[in-house]
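Everything on this sheet refers to the single structure shown next.
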Number of protein chains: 2
Amino acid sequence: MNPVPPNQNQNNTAASGTASPAASPASATGSSPTFSPLYQQIKALITQSLQSGEWKPGELIPSEVELANRFKVSQGTVRKAIDELAAENLVMRRQGKGTFVSTHHEARAHFRFLRLMPDEGVPHYPESKIIEVKRIRAPADVARLLDLKTGDALIFIKRVQSFDGVPTIVEELWLPGQTFKGLTAERLMEYKGPMYGLFESEFGTRMIRAAEKIRAVCADGAAAELLGIAEGTPLLCAERVSFTYGDKPVELRRGLYLTAHHHYQNELN
Amino acid sequence: MNPVPPNQNQNNTAASGTASPAASPASATGSSPTFSPLYQQIKALITQSLQSGEWKPGELIPSEVELANRFKVSQGTVRKAIDELAAENLVMRRQGKGTFVSTHHEARAHFRFLRLMPDEGVPHYPESKIIEVKRIRAPADVARLLDLKTGDALIFIKRVQSFDGVPTIVEELWLPGQTFKGLTAERLMEYKGPMYGLFESEFGTRMIRAAEKIRAVCADGAAAELLGIAEGTPLLCAERVSFTYGDKPVELRRGLYLTAHHHYQNELN
DNA sequence: AAGTGGTCTAGACCACTTT
DNA sequence: AAGTGGTCTAGACCACTTC
């Protein structure tokens, strides 16, 4: 959209002695600025293009050289910007091929948000069974977490996920009606694969980060019946808020995990 | 220890036309090598110095320029090596001051491994009460996780941690006797602050990474009594294996967390 | 052969900290 | 003023992929 160079808060003119001696980057050099490095500005511009859909999930973005020309900066500066985007899993670099927009339609991405692993054997993605889909008004607590107003339109989803036919997860989701307009039970039921893939493809909303709070709880009657276990069985309760570009919360999810033969895997670095 | 340059798998001679035309980096250029980039080799050398204690936790390491001279590479290469070490929390960079070896004696580091947060209010570090310390022989399962042999010497520790006087965590630890020779109940009880600080200062063993498996369980009689709760109360069970340099496992820990007024916090990126 | 990301270098200047 | 990490540039070459 904007091929012009971002404001230059450093005197890049340097070079030979021919440079005008009084380039005067003066004016506001210390008053209010909050300057950010060039590569951060480039990163923000690239992120904008990702968010706007200029480059769609799975697609190739322009090469480093091309972006350097577009933004009128050196390749090294573009590289540093993309390095950070890759570290945040917004893009993926592949030597010799290029840089691709990340997508949830990839085996690699499936376990980035689902951390429940079998105690033994290789992990694989569970089957999903939709229990309920309905339109509701946002209760105060949900509204607060999703940065909405109490009473705003929400879509509520309840489902059960099974590994090898064994029901293991009961999940409830609250989605802003505004963002997921047109989401139906039919569409959810016929869709195979991670829900985030559907959100990405059909609603243009990509989850890029999430925060979870985990507790131990007792199975209530409803959960016990859905999971085929005794009431009172201890379950792991994971409450997740997911964010899309701009740190905008767009999903609240409460999952109850049966951890008899699975565990929540976490790496502390 | 080794100020000589690492093997150079790239022809760095370049420069002007005076370079000998037949530098012949030939020989094994494609047979078995598993070459690694220069900055990875530098990173490994720096890590060795960290592990050997040449620079101790909290101390300043040599400047980038100094390291570049020592290793006979450019500052940029040292920088990339240190960037990765900083990303792994092995060192901390501070503009204008230098690069410091990370330490567990820092408020900043306290919540890197303890992820239990109060549902409301600001997080603070719990008080610890040692229940039991004894020497045992490694059971098969513990030995396997710690990369030891069944029957090897272990130190077993049991403690309770409280927030504002409320018992919230029951924890059991298994430590290799070899690594933590001389660890006594007295030393543990008189020590204030995170146990990893003690391990780092007194035993030269720094935890740099950990893997946790989390489940929901019911409180048994022992845990219930220590936490002052009813038997059968759901608890979060976190089993952690911690690693020091070289990905060597040096601690097994099983914590039972009361999540009535706290939760396990996790960020998914 | 051409294009991409990955590595390495050398030099300049900036921002911050200490002397 | 001097030293440190932080940013930016320009150019070279390497490793990998595709044509």
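Residue numbers start from 1 in every chain, and the chains themselves are labelled A, B, ... in the order their sequence lines are given, proteins ahead of strands. All values reported here derive from a predicted model rather than from experimental measurement.
- Counting heavy-atom neighbours within 6.0 Å of A:Glu267 CD, excluding the residue itself, gives a total above 12.
- Annotation: proximity of residues 96-106 of chain A to DNA chain D (heavy atom, distance under 4.0 Å) is found for A:Gly96, A:Lys97, numbered in ascending order.
- Between A:Thr77 and the phosphate of D:dT7, there is no side-chain N or O to OP1/OP2 separation shorter than 4.0 Å.
- Protein atom CD of B:Gln41 is 12 Å distant from nucleotide atom P of C:dT7, rounded to whole Å.
- Nearest nucleotide to the side chain of B:Ser74, out of C:dG5, C:dT9, D:dT9: C:dT9.
- One interatomic measurement links the two molecules: CD1 of A:Ile61 to P of C:dG5, which rounds to 8 Å at whole-angstrom precision.
- The side chain of A:Arg93 sits closest to C:dG6 out of D:dC8, C:dT7, C:dG6.
- Side-chain proximity of A:Lys80 to D:dG5, D:dT7, C:dT9: nearest is D:dT7.
- Counting heavy atoms of neighbouring residues, nucleotides and ligands inside a 6.0 Å radius, atom CG of B:Asp147 does not exceed 12 of them.
- Whole-Å rounding puts the A:Ile42 CD1 to D:dT7 P distance at 14 Å.
- One atom, CG of B:Leu38, and another, C1' of D:dA12, lie 15 Å apart when rounded to the nearest Å.
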Can you list the steps and then say if A:Asn269 with B:Glu88 is a side chain to side chain contact (heavy atoms under 4.5 Å, CB included)?
-> CA-CA 7 Å; A:Asn269 292 318; B:Glu88 294 168 19; over 6 Å; no

Working for side chain to side chain contact (heavy atoms under 4.5 Å, CB included), residues B:Ile46 and B:Phe71 | CA-CA 10 Å; B:Ile46 296 175; B:Phe71 297 130; 4.1 Å; yes

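- Distances were taken from every side-chain heavy atom of A:Glu64 (C-beta onward) to each of C:dG6, D:dC8, C:dT9; the shortest belongs to C:dG6.
- For B:Gln95, the listed nucleotide lying nearest its side chain is C:dC16; candidates were C:dT7, C:dC16, D:dC8.
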For DNA chain C, the dot-bracket pattern of Watson-Crick and G-U pairs whose distances stay under 3.5 Å, | for other-strand partners = ||||||||||||||||||.

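- By the 30° and 60° cut-offs, the orientation of the rings of A:Phe203 relative to A:Phe199 is perpendicular.
- Between C:dG5, D:dT9, C:dC8, one nucleotide has an atom nearer to the side chain of A:Val73 than all others, and that is D:dT9.
- A salt bridge does not link B:Glu84 with B:Arg93: none of the charged nitrogens is closer than 4.0 Å to a carboxylate oxygen.
- The existence of a salt bridge linking B:Glu127 and B:Lys192 is excluded, since no basic side-chain nitrogen approaches an acidic carboxylate oxygen closer than 4.0 Å.
- For CD of B:Glu202, the number of neighbouring non-hydrogen atoms (other residues, nucleotides, ligands) closer than 6.0 Å is greater than 12.
- Taking the charged nitrogens against the carboxylate oxygens, B:Arg79 and B:Glu64 do have a contact shorter than 4.0 Å, which makes a salt bridge.
- Cation-pi check for A:Arg206 over A:Tyr245 is not met; the charged atom does not lie both under 6.0 angstrom from the ring centroid and within 45 degrees of its normal.
- The CG-P distance, from B:Asp83 to C:dC8, rounds to 13 Å in whole Å.
- One can place CD of B:Gln40 at 14 Å from C1' of C:dC8, the figure rounded to the nearest angstrom.
- At whole-Å resolution of the value, CZ in A:Arg79 and P in D:dC13 are 17 Å apart.
- Residue-level contact check: B:Arg94 touches the backbone only, with heavy atoms under 4.0 Å from sugar-phosphate atoms and none from bases.
- To the nearest angstrom, C1' of C:dT4 lies 9 Å from CD of A:Gln75.
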